[in-house]
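Written out below as structure tokens is the structure these notes cover.
Given the structure is predicted, the values throughout are model-derived calculations rather than measurements.
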Amino acid sequence: MPGDPPAEGGLTRGEVDRLLQVNAQRPGFCEVGVRQVTLAQHCGIVGLGERVLEVLPKTQDAMESPQECRGVLLRLLHESGQLPRHEDPAVGQHLRHAPLLDAFIAAYFDALAAVLRGGLLRRYRSRAEDLPVVRGRIDFARQWGPLSGRGDRVACVVDDLLVDHVWNRVLKAALRSTRPWIRDVALGRRWIELMQALDEVDDTRLQAADLQHLHFDRQAERLRPAIAWARALLQGLSPSLRAGEQRAPALLFDMNRVFESSMAAQWHRRLQRAEVSGGWTLHPQDRGASLATQVSAQRVTPAFALRPDLVLRQGGLPRAVADTKWKRLSCDRHGTVLPAEADVLQMHAYAAAYECHDLTLIYPWHDGLRRARLAEYRLPPVQGRAPLLRVLCVDVHHDELPARLGAWPQPEPRGGGGSLATMRPCSP
């Protein structure tokens, strides 16, 4: 802002106002104090006008490099399916050392390249033309009206199959919006190649309202990943195409949801590798139970619906419940892992509502747990049996996302009788 230059590494008043706009859309994103802004929960990028703020996750006590933090976010986004993996591993490794925006631009380029490999979407567009011979179909209203006295002309309606339509304009506008932010040479070359492939598309006529009125039909369905990235980048990088003046430009991810989706993908893959039988299914964000029943003179209805992050079922019956927590797990004075009281109470509510006795809390691993001791917690009885609560810590700093403390709950392999396998601690 004029007259309000940022300090070294600091924010101007106008940039703080933009962060507050984001906070209004995503409560809890930031907290403004005296000469400081505290960010939490969401990670990604926020457009601040001439600058882009990169918000990265932090899991360790010690100073982590931006590359490590960026790697954690990209790794979990890949695992959760919200960011495509690069076909060339060297490219993905390189982007961990580049600004986060480069990774998002590269993801959009990948999605757009996939569209181009299948050919640009073409749409029919009708135009009226007076021709000496019939082409297309005859417009009888015009033929019997203005052209009724013209025997040398036929009023025709011609349908042309064109690539210049709103879908491709959105793709090209998003591609154009990334150009001022590209510093990487390889991304610059890809930008030129993709822009040449869209040469017949005129994105100058694109309006902000066009972004809100795209309805996917059967032909346009293959464009969905590219359009999703295009919308996100246009919201963050192109103020003229932003939906509403009060909407702050941002491409942010709720780390609680990202971690949850990543762990769901991990557990699902482990179940597949275990080759279990007996109708085992994994249900993310399960809605199958309520904590209480509301009783009144008129009716009896469920109350306080529960939604555990992960529920493992066999034949429709819940056999294990797990909840992910994107927070630092602490230890007691003896060095034993100690979940937060609220987390334990939440798991006991799940055990009671689902009548399930195998419970797991999943946390990200950090260096403070290197000498931690694993503990299992017996909770008050449910249906005459005490539920067992275990703790699992996953190392988000490694591509394999290995368990550093605890183990994944899973059924016995084929022929094992169909019960849950015994949990064993993993060596750090």
With rounding to the nearest 0.5 Å, note down the distance linking [atom1] in [X] to [atom2] in [Y].
X	Y	atom1	atom2	result
Arg270	Trp408	CZ	CH2	6.0 Å
Ser177	Leu233	OG	CG	5.5 Å
Thr204	Arg176	OG1	CZ	8.0 Å
Leu214	Arg231	CG	CZ	5.0 Å
Met347	Asp323	CE	CG	5.5 Å
Leu53	Leu101	CG	CG	11.5 Å

So, the side chain of [X] versus the backbone of [Y]: is there a donor-acceptor pair under 3.5 Å, distance only?
X	Y	value
Tyr108	Leu171	yes
Asn168	Val163	yes
Trp365	Ala403	no
His366	Gly368	yes
Gln36	Gly33	no
Asn256	Gln41	no
His42	Gly28	no
His165	Arg125	no
Lys172	Asp203	no
His348	Pro380	yes

Is [X] salt-bridged to [Y], cutoff N-O under 4.0 Å?
X	Y	answer
Glu79	Arg269	yes
Arg75	Asp399	yes
Arg224	Glu221	yes
Asp102	Arg70	no
Asp164	Arg169	yes
Arg404	Asp367	no
Glu193	Arg190	no

Applying side-chain contact (heavy atoms from CB on, under 4.5 Å) to Leu361 and Leu329, what does each step give before you reach the verdict? CA-CA 10 Å; Leu361 281 169; Leu329 178 65; over 6 Å; no
Return the minimal non-hydrogen interatomic distance between [X] and [Y], and the atom names on each side.
X	Y	value
Val391	Leu374	O-CD1, 3.6 Å
Ile362	Phe259	O-CE2, 3.6 Å
Ser126	Arg137	OG-NH2, 4.0 Å
Gly406	Leu392	C-CD1, 3.8 Å
Val337	Ala372	CG1-CB, 4.0 Å
Pro302	Ser290	CB-OG, 3.5 Å

Any side-chain heavy-atom pair from [X] and [Y] closer than 4.5 angstrom?
X	Y	answer
Val32	Asn23	no
Val115	Arg222	yes
Val170	Ile227	yes
Cys30	Leu39	yes
Cys69	Glu54	no
Leu11	Arg51	yes
Glu400	Asp395	no
Trp326	Pro364	yes

Steps toward salt bridge (charged side-chain N to carboxylate O under 4.0 Å, His left out) verdict (Arg257, Glu260): CA-CA 5 Å; Arg257 298 287 171 258; Glu260 172 202 319; 3.4 Å; yes
Going through the checks in order, is the side-chain contact (heavy atoms from CB on, under 4.5 Å) test met by Leu19 and Val46? CA-CA 8 Å; Leu19 293 181; Val46 181; 4.0 Å; yes
Count the heavy atoms belonging to other residues, nucleotides or ligands that lie under 6.0 Å from [atom1] of [X], then report whether that count exceeds 12.
X	atom1	result
Arg179	CZ	yes
Arg127	CZ	yes
Gln285	CD	yes

As a quick check of understanding, evaluate side-chain contact (heavy atoms from CB on, under 4.5 Å) for Val72 and Lys58, giving each step before the final call. CA-CA 9 Å; Val72 168; Lys58 186 175 178 63; over 6 Å; no
Among Val55, Val258, Leu76, which one satisfies side-chain contact (heavy atoms from CB on, under 4.5 Å) with Phe253?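 When Val55, Val258, Leu76 are each tested with Phe253, the side-chain contact (heavy atoms from CB on, under 4.5 Å) holds only for Val258.
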Sole residue of Leu359, Leu379, Leu338 in side-chain contact (heavy atoms from CB on, under 4.5 Å) with Val344: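 Single pass found, and it is Leu379.
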Is the distance between the ring centroids of Trp229 and Phe104 under 6.0 Å?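 Distance test on ring centres: under 6.0 Å, yes.
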Please tell me whether Phe216 and Trp167 form a close aromatic pair, meaning their ring centres lie under 6.0 Å apart.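 So the answer is yes for these two rings.
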Identify whether NZ of Lys or CZ of Arg in Arg319 sits under 6.0 Å from the centre of the six-membered ring of Trp280 and within 45° of that ring's axis.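 Here Arg319 fails the 6.0 Å and 45° test against Trp280.
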Assess the residue pair Tyr354 and Asp286 against the criterion (side-chain contact (heavy atoms from CB on, under 4.5 Å)); give the C-alpha distance rounded to whole Å, side-chain angles, the decisive distance to 0.1 Å, and a yes or no. CA-CA 11 Å; Tyr354 281 84; Asp286 189 84; 2.7 Å; yes
